[in-house]
Amino acid sequence: MRELGRRLARLLRPGDLVLLTGELGAGKTTLTRGLGEGLDVRGAVTSPTFVIARVHPPLGGGPALVHVDAYRLGGGLEEMEDLDLDVSLPESVVVVEWGEGKVEELSEDRLHVVIERSVGADPAGAAAEAAGGSGDGTEDGSGDDVRTVTVTGVGGRWSEHDLSVLAEPGESV
C-alpha cells in the first residue's frame, strides 16, 4: 500500500482530490503515508481520526498534503466546509479517507481509490488503523494479506490519464 502511494504521488499535482474508501484496516492511512513520502512533505503521516484533518507542508517545491478522515463526520459537504478544504484544494493535494458521499462536490476532477482486503484477514489491522497505526496489521507496513485496489479517475483531469502506470509489473489494472 505504501509503495502504491509513492507511485500515485507521481501523478498528483496541486488541486487534486483523492477519496479513499475501504473498511477499517484496509490500508488507507498506509497508502496516504506513501503519498506523503512521494510528495516529500513534512511530518509523519498518521491517521487524523481524532483531529479530523492534518496539513503536511512540502519540504521542497511540491504541493502540501491535506489528510482528512471523514469517518466521524456524519454530515455531507456542509460539515466538511468547516474544514475549509475548498480553500486548501487549489494549492494542495487533498486526501479524504471515508469521503465517499461527503466531499465529491469539492471538485469535478477527483480520484476514487477503493481498497478491499480478503474477508477475515488481519483483524488486528483495523484496531491499529483506528488507533492511528498503519492499519495493515504491522506498524512497519509489512503486512502481507492481499488487497485489491481499484483507482477510478473522474472528470476531465483524469479522462486522458493512463492509470495502469500504478500497477506493478505482473499486476492487472
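Heavy-atom basis, side chains included; hydrogens, waters and symmetry copies ignored. Nothing here was measured: the structure is a model prediction, and the numbers come from that model.
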>> Restricting to non-hydrogen atoms, name the atom on Val96 and the atom on Ala70 that form the minimum distance, rounded to 0.1 Å.
In response: CG1-CB, 4.0 Å

> Same cluster or not: are Trp98 and Val114 linked, directly or through other Ile, Leu, Val, Met, Phe, Trp or Tyr residues, by side-chain heavy atoms under 4.5 angstrom apart?
Replying inline: no

>> So, using salt bridge (Lys or Arg N to Asp or Glu O under 4.0 Å) as the criterion, who are the partners of Arg157 when residues are at least two apart?
In response: Asp16

>> On a heavy-atom basis, which atom in Pro63 and which in Val41 lie closest, and how many Å separate them?
In response: O-CG1, 3.8 Å

> Which distance, rounded to the nearest 0.5 Å, do you find between the CG of Leu31 and the CZ of Arg7?
Replying inline: 9.5 Å

> At what distance, to the nearest 0.5 angstrom, does CG of Leu163 lie from OG1 of Thr150?
Replying inline: 11.5 Å

> Do you know the tightest heavy-atom contact between Leu35 and Val95?
Replying inline: CD1-CG2, 3.6 Å

> Within the side chain of Arg54, is there an N or O that forms a donor-acceptor pair under 3.5 Å with the backbone of Ser47?
Replying inline: yes

>> Contact between Asp69 and Thr29 at the side-chain level, heavy atoms closer than 4.5 Å - yes or no?
In response: no

> Checking side-chain contact (heavy atoms from CB on, under 4.5 Å) for the pair Glu97/Thr32: CA distance, chi angles, key distance, verdict?
Replying inline: CA-CA 9 Å; Glu97 296 185 29; Thr32 307; 4.1 Å; yes

>> For Pro57, is there any backbone N or O sitting under 3.5 Å from a side-chain donor or acceptor partner on Arg42?
In response: no

> Does anything in residues 145-164 pair up under ring pair (Phe, Tyr, Trp, His ring centres under 6.0 Å), and if so which pairs, sequence neighbours excluded?
Replying inline: Trp158-His161

>> Run the side-chain hydrogen bond (donor to acceptor under 3.5 Å, both in side chains) test against Glu100 and tell me which residues pass, sequence neighbours left out.
In response: Thr21

> Any idea which heavy atoms bring Ala26 and Ile115 closest together, and the distance?
Replying inline: O-CG2, 3.3 Å

> Out of curiosity, Leu24 CG to Arg117 CZ, how far, rounded to the nearest 0.5 Å?
Replying inline: 8.0 Å

> Which value, rounded to the nearest 0.5 Å, describes the distance between Glu105 atom CD and Arg110 atom CZ?
Replying inline: 9.0 Å

> When you look at Lys102 and Leu19, which way does the side-chain contact (heavy atoms from CB on, under 4.5 Å) test go after all the steps?
Replying inline: CA-CA 10 Å; Lys102 297 178 182 177; Leu19 304 182; over 6 Å; no

> At their closest point, which heavy atom of Leu4 faces which heavy atom of Leu166, and how far apart are they?
Replying inline: CD1-O, 3.9 Å

>> side-chain contact (heavy atoms from CB on, under 4.5 Å) for Leu8 and Leu111? Distances and angles first, verdict last.
In response: CA-CA 10 Å; Leu8 180 57; Leu111 281 179; 3.7 Å; yes

> Got a donor-acceptor contact below 3.5 angstrom from the Arg2 side chain to the Arg33 backbone?
Replying inline: no

>> Grouping I, L, V, M, F, W and Y whenever their side-chain heavy atoms are under 4.5 Å apart, do Leu20 and Val154 come out in a common cluster?
In response: no

> Should Leu59 and Leu39 be counted in the same cluster of Ile, Leu, Val, Met, Phe, Trp and Tyr side chains packed under 4.5 Å apart?
Replying inline: no

>> So, using side-chain hydrogen bond (donor to acceptor under 3.5 Å, both in side chains) as the criterion, who are the partners of Arg6 when residues are at least two apart?
In response: Glu3, Glu37

